[in-house]
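What follows is a set of notes on a single structure, which appears directly below.
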Amino acid sequence: MTADLPPNALRTTAPVLDCAARLFTEHGSRGIAMSDLTRRIASETRTDPACLRRAFPTRFDLSYAVVLRATRERVNGQLAADAPGRPPTERMSGLVRRHVNSGWRHRSAIALSQELLPALRAIHPARHREISSLFRTYREHVREIIVAGVSADQFRIRDTNRATDSVLETFDSLLHWYDPEAGLSLNDLGGVYVDLVIHHHLRCPR
């Protein structure tokens with residue numbers, strides 16, 4: 001069990017990585033000593049501390065595993081759930097709602113990735129390429145739906161690359177303002193983002 005395990009093996013450590021993501025959010029990526037982090041995770045998930053230390057010998061290894069697992073789950077989930085035979089507006093609507101739900105579920109890992117990726121680029125290019133490749137796969141998937149919508153005359157935009165970037169930037173924004181205690185449910189939030197993406201960014205007629 002290491003930070004470089006394949007997806008199937010990483011899924012078996014989901015409670016460990018969920019706990020780590022939460023602790024990183026509560027204390028910051030460097031706000032708690034690695035020994036305390038390991039002890040807390042072991043206690044809360046009933047995992048052997050020695051196994052944890054072997055699997056994730058450094059804070060960097062643990063952070064990377066948290067981000068990699070969340071990114072794989074989000075990207076692979078979107079690809080698996082898509083129905084290419086459906087109208088582009090329906091495909092985009094489904095993608096947006098799934099993105100909102102998975103983005104909120106993995107918000108800790110997403111925030112951690114924004115800090116981790118620059119470090120990965122500098123000190124571990126192979127790991128950086130692995131996560132970046134997943135992001136590129138997702139971007140191309142979003143762009144393919146947009147291209148299909150343009151071809152079907154549902155999306156009235158000229159530059160599909162720029163539109164793709166705008167949609168992805170809009171997705172990222174929800175982590176900066178959404179508060180579930182403010183009265184807007186996650187389902188309603190998905191509807192807000194569907195409307196914003198399809199009718200504003202992609203200019204689909206109402």
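Quick note: residue numbers are just sequence positions, from 1.
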Going by side chain to side chain contact (heavy atoms under 4.5 Å, CB included), name the residues that satisfy it together with [X], two or more places apart in sequence or in a different chain.
| X | value |
| --- | --- |
| V147 | R143, S151, T160 |
| R136 | S132, S133 |
| P205 | R156 |

Would you compute the distance between atom [atom1] of [X] and atom [atom2] of [Y] and round it to the nearest 0.5 angstrom?
| X | Y | atom1 | atom2 | value |
| --- | --- | --- | --- | --- |
| F24 | S108 | CZ | OG | 10.5 Å |
| R40 | T38 | CZ | OG1 | 12.0 Å |
| D179 | L189 | CG | CG | 11.0 Å |
| L62 | L52 | CG | CG | 8.0 Å |

[Y] side chain reached by [X] side chain, heavy atoms, under 4.5 Å:
| X | Y | result |
| --- | --- | --- |
| F56 | L17 | yes |
| L79 | T137 | yes |
| V197 | L202 | yes |
| T47 | P49 | no |
| T25 | R107 | no |
| N187 | R97 | yes |
| R206 | D195 | yes |
| T58 | M34 | no |

For this session: Answer yes if the side chains of H106 and E73 hold a donor-acceptor pair under 3.5 Å, and no otherwise.
Result: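 Yes, E73 and H106 have a side-chain donor paired with an acceptor closer than 3.5 Å.
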Exercise. Under the side-chain contact (heavy atoms from CB on, under 4.5 Å) criterion, do L120 and L117 qualify, and how do the steps go?
Worked result: CA-CA 5 Å; L120 279 178; L117 283 174; 4.0 Å; yes
Exercise. Residues in salt bridge (Lys or Arg N to Asp or Glu O under 4.0 Å) with E169, at least two apart?
Worked result: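 Not a single residue meets the salt bridge (Lys or Arg N to Asp or Glu O under 4.0 Å) criterion with E169.
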For this session: Sequence neighbours left out, what passes salt bridge (Lys or Arg N to Asp or Glu O under 4.0 Å) with D165? Give chain and number order.
Result: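 Scan of D165 (salt bridge (Lys or Arg N to Asp or Glu O under 4.0 Å), adjacent residues dropped) gives R139.
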For this session: With sequence neighbours excluded, tell me which residues meet side chain to side chain donor-acceptor pair (under 3.5 Å) with T170.
Result: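 In terms of side chain to side chain donor-acceptor pair (under 3.5 Å), with neighbours along the sequence ignored, T170 is linked to H201.
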Are any of the side-chain nitrogens in [X] or [Y] under 4.0 Å away from the carboxylate oxygens of its partner?
| X | Y | answer |
| --- | --- | --- |
| R72 | E130 | yes |
| R69 | D18 | yes |
| R53 | D48 | no |

Do you know the tightest heavy-atom contact between [X] and [Y]?
| X | Y | value |
| --- | --- | --- |
| I157 | A163 | CD1-CB, 3.9 Å |
| A148 | R91 | CB-NH1, 4.2 Å |
| H99 | Y138 | ND1-OH, 2.7 Å |
| Y64 | L116 | CA-CD2, 3.6 Å |
| A20 | I41 | CB-CD1, 3.8 Å |
| I146 | M92 | CG1-CE, 3.7 Å |

For this session: Go through I123 and H128 one step at a time and tell me if the side-chain contact (heavy atoms from CB on, under 4.5 Å) criterion holds.
Result: CA-CA 9 Å; I123 67 177; H128 182 272; over 6 Å; no
Is the backbone of [Y] close enough, under 3.5 Å, to the side chain of [X] for a donor and an acceptor to pair up by distance?
| X | Y | result |
| --- | --- | --- |
| Q154 | C204 | no |
| S43 | R39 | no |
| T13 | V16 | no |
| Y178 | L184 | yes |

Problem set entry | Derivation and outcome, side-chain contact (heavy atoms from CB on, under 4.5 Å), residues V142 and Q78 | CA-CA 10 Å; V142 174; Q78 287 283 25; over 6 Å; no
Exercise. Stepwise, does the side-chain contact (heavy atoms from CB on, under 4.5 Å) test hold for R127 with F60?
Worked result: CA-CA 11 Å; R127 287 181 172 181; F60 188 81; 3.6 Å; yes
For this session: Take N161 and T164 through the test side-chain hydrogen bond (donor to acceptor under 3.5 Å, both in side chains) and record every step on the way to the result.
Result: CA-CA 5 Å; N161 283 309; T164 301; 5.4 Å; no
Problem set entry | Criterion side-chain hydrogen bond (donor to acceptor under 3.5 Å, both in side chains) on Y193 and S93, from CA distance to verdict | CA-CA 9 Å; Y193 272 77; S93 177; over 6 Å; no
